[in-house]
Amino acid sequence: MEKMKMESPDLTSRNIEKIGELFPNCITEVKGADGKVRKTINFKML
């Protein structure tokens with residue numbers, strides 16, 4: 001019997017990647033409060 005993973009997929013990052021494929025100029029990187037760099041959408045350019 002196969003064990004199930006008890007975590008949900010990260011749909012936000014998946015959607016950011018899809019938008020990045022269509023509109024590559026609208027993706028930017030920001031540093032969060034924890035110091036990690038992450039991708040986000042620049043809605044003004046979108």
Side-chain angles (χ1 to χ4, degrees):
M1 178 176 238
E2 203 173 312
K3 290 187 178 183
M4 295 177 63
K5 294 181 182 178
M6 299 310 250
E7 58 185 46
S8 60
D10 189 6
L11 298 177
T12 303
S13 64
R14 191 180 306 170
N15 288 337
I16 290 174
E17 292 296 324
K18 287 180 183 179
I19 291 172
E21 290 174 5
L22 297 172
F23 308 103
N25 293 334
C26 295
I27 301 297
T28 186
E29 292 181 343
V30 295
K31 188 182 284 190
D34 58 357
K36 293 183 180 179
V37 177
R38 60 184 175 90
K39 290 185 179 179
T40 187
I41 300 170
N42 184 345
F43 287 103
K44 289 181 182 180
M45 292 185 71
L46 186 62

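Owing to the predicted nature of the structure, the values given are computational and were not obtained by experimental measurement. The first residue in the sequence is number 1, and the count goes up from there.
Nearest approach of Gly20 to Ile27, heavy atoms of both residues: CA-CG1, 3.5 Å.
Distance check, rounded to the nearest 0.5 Å: CD1 of Ile16 to CG of Leu11 gives 11.5 Å. Interatomic distance, Ile41 CD1 to Ile19 CD1, rounded to the nearest 0.5 Å: 3.5 Å. Taken from OG1 in Thr28 to CZ in Arg38, the straight-line distance is 10.5 Å, to the nearest 0.5 Å.
Here Val37 is tied to no hydrophobic group at all, with no ILVMFWY side chain closer than 4.5 Å.
For the side chain to side chain donor-acceptor pair (under 3.5 Å) test, residues two or more places apart in sequence or in another chain that qualify with Ser13 are Asp10.
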